A.B. asks: 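Input: one structure, supplied below.
In this text the structure is predicted, and so the values were computed from the model without any measurement. Protein chains get the first letters and strands the later ones, always in sequence-line order, with residue 1 at the start of each.
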Protein chains: 2
Amino acid sequence: MRGMSLRIALLGLLTAYGSASGYDLAKSFEKSVAHVWQAGHSQIYPELAKMAADGLVTVEAEGARGRKIYTITAEGRAELREWLLGHDPTGPARSEVALQAFLIPLLDAPEAVAVLERFRAHSEQKLVQLEALWTAKHSAPIPEGTARVKFGNLALDLGIRQTRMVLKWADDAIAEIRAQS
Amino acid sequence: MRGMSLRIALLGLLTAYGSASGYDLAKSFEKSVAHVWQAGHSQIYPELAKMAADGLVTVEAEGARGRKIYTITAEGRAELREWLLGHDPTGPARSEVALQAFLIPLLDAPEAVAVLERFRAHSEQKLVQLEALWTAKHSAPIPEGTARVKFGNLALDLGIRQTRMVLKWADDAIAEIRAQS
DNA sequence: AGGTGACATGTCAGTGCTTACATGTCAATA
DNA sequence: TATTGACATGTAAGCACTGACATGTCACCT
């Protein structure tokens, strides 16, 4: 029951889209889910095959160019629900940014400031992207179904707050280092 | 040059401690670095062996009970410095919490609130732990060497801000869902 | 003397994930 | 008609990581 997050992400996308091919799902991973989870097609295709073997999805049809269209089954929906409701989010807490933050005090003041300023710049850039996504979502011309529109909004909000927080943290850290020297 | 974060973490700890055994480092991973990076002894021992082979660390002495004491070399210090100064923090962005956040809109309102409230509780608990660590660090009786005391403070601050942010996010999300129903 | 438990180091199987390789279809355009 | 490029699916090698297995030392307690 551990490390099945890819499975869950795929089930979630299939629920949202109704049905989709591996190719579609891979595209979704590049776009909508990207800030939250990553996976390449070489991971997605075998996982979909395993999920089909486990009865969580079915191949409804085969379209042009060998396109396989997957749909979530009742069993799949149950699995997703169970995970969402019952999964304790004890994340592995493995962040390169945090590791770098941890080690920064090993550097001298000017170097530390340089690293923190790179963090700052990076965060600022990411913030622009996420806020663009946000306004795009909230000024969508004609919403096609409520679930589709709302889907991913909470996570986007979380991402924006996260990025703002890192920005502020870097600013404060820079200020404090400068005050000490 | 990718995914060498375990190496970096070990080099950082060796720099801070002067020298340490694999066992000591494994203990450190359970404590100080835990919020930032995780690794078990089964990963640490082979990695130290590889690092020794690559000339980044040396076995200075063998103590009681087969205890091997590692020290960082000049080459190791160079590697660490290079990583800290030159590494672009393009984290893999793989967070189970964020994934759950992404999928919450698939649930109905009461269920969503339940999940968010679990997030909230979890964050609150973690916040208590981190703040206890913070005050413990800042009321340390007799600081043994400045570097040792400051080490990890930036990361702890980041962790606390992060946890507060998630808490606030969950609160706001709950409030918004309740307002809509 | 025997047992318990912390200290200390390792291996191994299995899974997750990345990068690169490999194959083939179809539509548009030069 | 040939070629390009998006569509579409897969496999395989290799590194990262987890959890379980395995071994042995030493100090302390009974």
Side-chain angles (χ1 to χ4, degrees), chain A residues 1-11 13-14 17 19-31 33-34 36-54 57 59-70 83 90-96 99, chain B residues 1-11 13-14 17 19-31 33-34 36-54 57 59-70 83 90-96 99:
Chain A
M1 276 284 180
R2 64 219 97 246
M4 55 185 334
S5 307
L6 175 57
R7 229 161 226 241
I8 297 302
L10 290 170
L11 289 174
L13 288 174
L14 280 176
Y17 292 158
S19 63
S21 69
Y23 189 86
D24 295 333
L25 293 167
K27 288 289 160 198
S28 283
F29 270 89
E30 285 172 18
K31 292 182 302 174
V33 219
V36 150
W37 206 265
Q38 277 172 262
H41 75 273
S42 60
Q43 212 189 337
I44 290 169
Y45 288 131
E47 187 64 27
L48 283 171
K50 271 192 250 169
M51 288 161 76
D54 292 349
V57 297
V59 179
E60 282 294 285
E62 300 214 10
R65 275 172 277 197
R67 179 183 172 90
K68 288 183 192 169
I69 292 146
Y70 289 92
W83 187 87
T90 318
R94 200 169 254 138
S95 153
E96 285 199 8
L99 178 57
Chain B
M1 275 286 180
R2 65 218 97 250
M4 55 185 334
S5 307
L6 175 56
R7 231 162 225 242
I8 297 302
L10 290 170
L11 290 173
L13 288 174
L14 280 176
Y17 292 157
S19 63
S21 69
Y23 190 86
D24 295 332
L25 293 168
K27 288 290 161 200
S28 283
F29 269 90
E30 285 171 19
K31 292 182 303 175
V33 219
V36 150
W37 205 265
Q38 277 173 261
H41 75 273
S42 61
Q43 212 189 336
I44 290 169
Y45 289 131
E47 187 64 27
L48 283 170
K50 268 191 252 169
M51 288 161 76
D54 292 349
V57 298
V59 180
E60 282 295 285
E62 300 215 11
R65 275 171 277 195
R67 180 184 174 89
K68 288 183 193 170
I69 293 146
Y70 289 92
W83 187 86
T90 318
R94 201 170 253 137
S95 154
E96 285 199 9
L99 178 58

A.B. asks: Of all residues at least two apart in sequence or in a different chain, which pass the side-chain contact (heavy atoms from CB on, under 4.5 Å) check with A:Ser19?
C.D. replies: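 A:Ser19 satisfies side-chain contact (heavy atoms from CB on, under 4.5 Å) with A:Ile69, A:Thr71 only.
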A.B. asks: Check B:Glu96 against A:Trp37 and note the closest heavy-atom contact, atom names and distance.
C.D. replies: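 So the minimum-distance heavy-atom pair works out to N-CZ3, 3.8 Å.
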A.B. asks: Is it the case that the side chain of A:Arg94 and the backbone of B:Val36 share a donor-acceptor pair, with hydrogens and angles ignored and the cut-off at 3.5 Å?
C.D. replies: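 Absent.
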A.B. asks: Would you compute the distance between atom CG of A:Leu48 and atom OH of A:Tyr70 and round it to the nearest 0.5 angstrom?
C.D. replies: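 Separation between the atoms: 5.0 Å.
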A.B. asks: Measure CE/B:Met4 against P/C:dT18 and give the value in whole Å, please.
C.D. replies: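 Atom CE in B:Met4 sits about 18 Å away from atom P in C:dT18.
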A.B. asks: Expressed in angstrom and rounded to an integer, what is the separation of A:Ile44 atom CD1 from D:dT9 atom C1'?
C.D. replies: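 Atom-to-atom, A:Ile44 to D:dT9, this comes out as 12 Å.
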A.B. asks: For residues 20-27 of chain B, dump all side-chain donor-acceptor pairs below 3.5 Å to protein atoms at least two apart in sequence or in another chain.
C.D. replies:
residue, atom, partner, partner atom, Å
B:Ser21, OG, B:Tyr23, N, 3.4
B:Ser21, OG, B:Asp24, N, 3.1
B:Ser21, OG, B:Asp24, OD2, 3.1
B:Ser21, OG, B:Arg67, NH1, 3.4
B:Asp24, OD1, B:Arg67, NH2, 3.4
B:Asp24, OD2, B:Ser21, N, 3.1
B:Asp24, OD2, B:Arg67, NH2, 2.5

A.B. asks: Nearest whole Å is fine: how far is C:dA8 P from B:Glu30 CD?
C.D. replies: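 Going from B:Glu30 (CD) to C:dA8 (P), I get 13 Å.
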A.B. asks: Name the residue closer to the 5' end of DNA chain C, choosing between A:Ala64 and A:Gly3 according to the nucleotide with the nearest heavy atom.
C.D. replies: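 By nearest-heavy-atom nucleotide position, the 5'-most residue is A:Gly3.
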A.B. asks: Just how far is it from atom CH2 of B:Trp83 to atom CE of B:Met4, taken to the nearest 0.5 Å?
C.D. replies: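 B:Trp83 atom CH2 to B:Met4 atom CE measures 9.5 Å (nearest 0.5 Å).
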A.B. asks: Choose from D:dC7, C:dC17, D:dC17 the nucleotide whose nearest atom is closest to any side-chain atom of A:Arg94.
C.D. replies: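 That would be D:dC17.
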A.B. asks: Using a cutoff of under 3.5 Å, can you pull out all pairs of nitrogen or oxygen atoms linking the protein to nucleotides 9-13 of chain C, with atom names and distances?
C.D. replies:
residue, atom, partner, partner atom, Å
C:dT9, OP1, B:Lys68, N, 2.8
C:dT9, OP2, B:Tyr23, N, 2.6
C:dT9, OP2, B:Tyr45, OH, 2.9
C:dG10, OP1, B:Lys68, NZ, 2.4
C:dG10, O6, B:His41, NE2, 2.8

A.B. asks: Please report the distance, rounded to the nearest Å, between CG in A:Leu48 and C1' in D:dT11.
C.D. replies: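 Those two atoms, CG and C1', are 16 Å apart.
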A.B. asks: Once you round it to whole Å, what is the distance between P of D:dA16 and CE of B:Met51?
C.D. replies: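 Taking CE of B:Met51 and P of D:dA16, I get 13 Å after rounding.
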A.B. asks: To the nearest Å, give me how far apart CD (A:Glu47) and P (C:dT15) are.
C.D. replies: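 Checked: the CD to P distance equals 12 Å.
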A.B. asks: Could you tell me the separation between the CD atom of B:Glu62 and the C1' atom of C:dC7, rounded to a whole number of Å?
C.D. replies: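 Distance, rounded to whole Å: 15 Å.
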